[in-house]
There are 2 protein chains.
Amino acid sequence: MTDSGARRAVPDAAVARLPVYHRCLLELEARGRDTVSSEQLAELAGVNAAKVRKDLSHFGSYGTRGVGYSVPQLILDLRRELGLTHNWRCVIVGAGNLGSALAAFGGFRERGFEVVGVVDVDPERVGRRVGGLRVGHEDELGGIVAEHDVAIGVVAVPPSAAQEAADRLVACGVRSILNFAPTVLDVPDEVQVRNVDLAVELQILAFHEGRRSDAVVGSVPPGVGESASA
Amino acid sequence: MTDSGARRAVPDAAVARLPVYHRCLLELEARGRDTVSSEQLAELAGVNAAKVRKDLSHFGSYGTRGVGYSVPQLILDLRRELGLTHNWRCVIVGAGNLGSALAAFGGFRERGFEVVGVVDVDPERVGRRVGGLRVGHEDELGGIVAEHDVAIGVVAVPPSAAQEAADRLVACGVRSILNFAPTVLDVPDEVQVRNVDLAVELQILAFHEGRRSDAVVGSVPPGVGESASA
DNA sequence: AGCTGTGAATGACTTCACAGCA
DNA sequence: TGCTGTGAAGTCATTCACAGCT
């Protein structure tokens, strides 16, 4: 697992933070800021300054000592590093509530992603429009992927149908999957999967919530106050 | 950061996996399985066996050597550990596409969570029904939280309104927030926040996707094949 | 004087490997 | 024999602390 081919450059934990920095920088740019220090960026991103500097150093980003980082330059560097120099095409499998919400979500386009298709097995849903797209039948998946050169598939179907959805995506040549179904997908090694299980997120919150002030009477254990960027 | 009060028991990384084990065990139980080995559970959860054993050992779970773990017993242990012995009440702020999808999502109830309210500022949306609930006005938030003893707030509003939504939740006494807005929320230390930024997930996929086979001609770098349970 | 970039120190998590119980 | 529970080793990530540029 992990990588292997080329040099390991950026640690996974850092990769997971780069998009957050990117987002904060876009905000700074919108406010007309031209430079930013690691300390300020850290504040915005909710991490500490040393981490910001280390993360950025992984891909040879060059700030200016005594000054900070150039906001536009750093945005470009991050875009390059994150592969956002072109738009990534995505297809959503499942046009239920979640799939529809994702398709209609405007935020993707601005951040480098374009939803080019939504499909579903249910004939009831085929033909509807969501987020400016017509819901296609699942059989059209191959055509959509080929036509738009889709790189990322989003699985937004019930758990019982998730493995099949993933299999179809893989068969069509998609090698990156974002899975919202509460199931571990079985895919070939060369396919990467990221899971977002909403109930898992809630359960993690509940775990910490359940550990507050328990037992220990009269104490005021300051809880957690952590922030997790899944 | 992190904890402080009581004894640190279970490492964060392990906590994040417990819900996944719990989910897999429910599946096993539904299939009538009575015992499971660490190896089998690991397979289902997409991790390795040593990790499963170590994770479970953190809260003194007792399996039987030579046999494995009792499925029903382990489910109970996990439920207790995750604080799922009672249902957690949640309230959703924001009745847009995502908020509505979350409210309508049936999967929560089965996993220990109950959505008891949905609110929005937009008068246009107030009064609509989503997932069996009437959308309330944001002013009703305090009443809903108090009445149902809500523990978890879900922020599903546009980024520009997210901080205000969080402030309101905190003011109402909610101390756990699941934030879907692409913004870092500023909250008091005793409030825990988990962020789910869908575009970030896509960007992480894109990062790895962009690193495939690059440059190195003719090589067949086996990519990533990782699985992240955010 | 201010802030980056980075080796070195610390800490967290994972994996190994095996003793020991059923 | 089979599988758990766990010290010990190994890997990865975070934080410190400071040299060095502007």
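In this text the structure is predicted, and so the values were computed from the model without any measurement. Labels below follow one simple rule: chain letters A, B, ... track the order of the sequence lines, proteins then strands, and each chain is numbered from 1.
- Looking at A:R23 and B:V184, their side chains come closer than 4.5 Å, going by heavy atoms from C-beta outward.
- In terms of position on DNA chain D, the residue among B:G66 and A:R53 whose nearest nucleotide sits closer to the 5' end is B:G66.
- In terms of phosphate contacts, B:S38 brings a side-chain nitrogen or oxygen within less than 4.0 Å of OP1 or OP2 of D:dT4.
- Separating the CD atom of B:E39 from the P atom of D:dT1 is a distance of 18 Å, rounded to the nearest angstrom.
- Within the structure, every side-chain polar atom (N or O) of A:T64 is placed at least 4.0 Å from both OP1 and OP2 of C:dT4.
- The 12-atom threshold is exceeded at CD of B:E114, counting heavy atoms of other residues, nucleotides or ligands nearer than 6.0 Å.
- Rounded to whole Å, atom C1' of D:dA13 lies 16 Å from atom CG of A:L56.
- The base of C:dG2 does not come close enough to the side chain of A:R65 for any donor and acceptor atom to sit less than 3.5 Å apart.
- Contact annotation: A:Y62 does not reach the phosphate of C:dT6 (side-chain N/O to OP1 or OP2, under 4.0 Å).
- When the side-chain nitrogen and oxygen atoms of B:K51 are compared with OP1 and OP2 of C:dT15, one or more of them lie within a distance under 4.0 Å.
- Here the C1' atom of nucleotide D:dA13 and the CG atom of A:D12 are 11 Å apart, to the nearest Å.
- Distance CG (B:L18) to P (C:dC13): 13 Å, rounded to an integer number of Å.
- In this structure, B:E29 places its CD atom where more than 12 heavy-atom neighbours from other residues, nucleotides or ligands lie under 6.0 Å away.
- At D:dG5, one or more side-chain N or O atoms of B:Y69 fall inside 4.0 Å of OP1 or OP2 (strictly under the cut-off).
- Rounded to whole angstrom, the span from the CG atom of A:L74 across to the C1' atom of C:dG5 amounts to 14 Å.
- Listed pair A:N48 / D:dT15 meets the phosphate criterion, a side-chain N or O lying under 4.0 Å from OP1 or OP2.
- Across B:L169, B:I92, B:L178, a single residue satisfies side-chain contact (heavy atoms from CB on, under 4.5 Å) together with B:V155, and that is B:L169.
- The separation between A:K54 atom NZ and C:dG11 atom P is 16 Å, rounded to whole Å.
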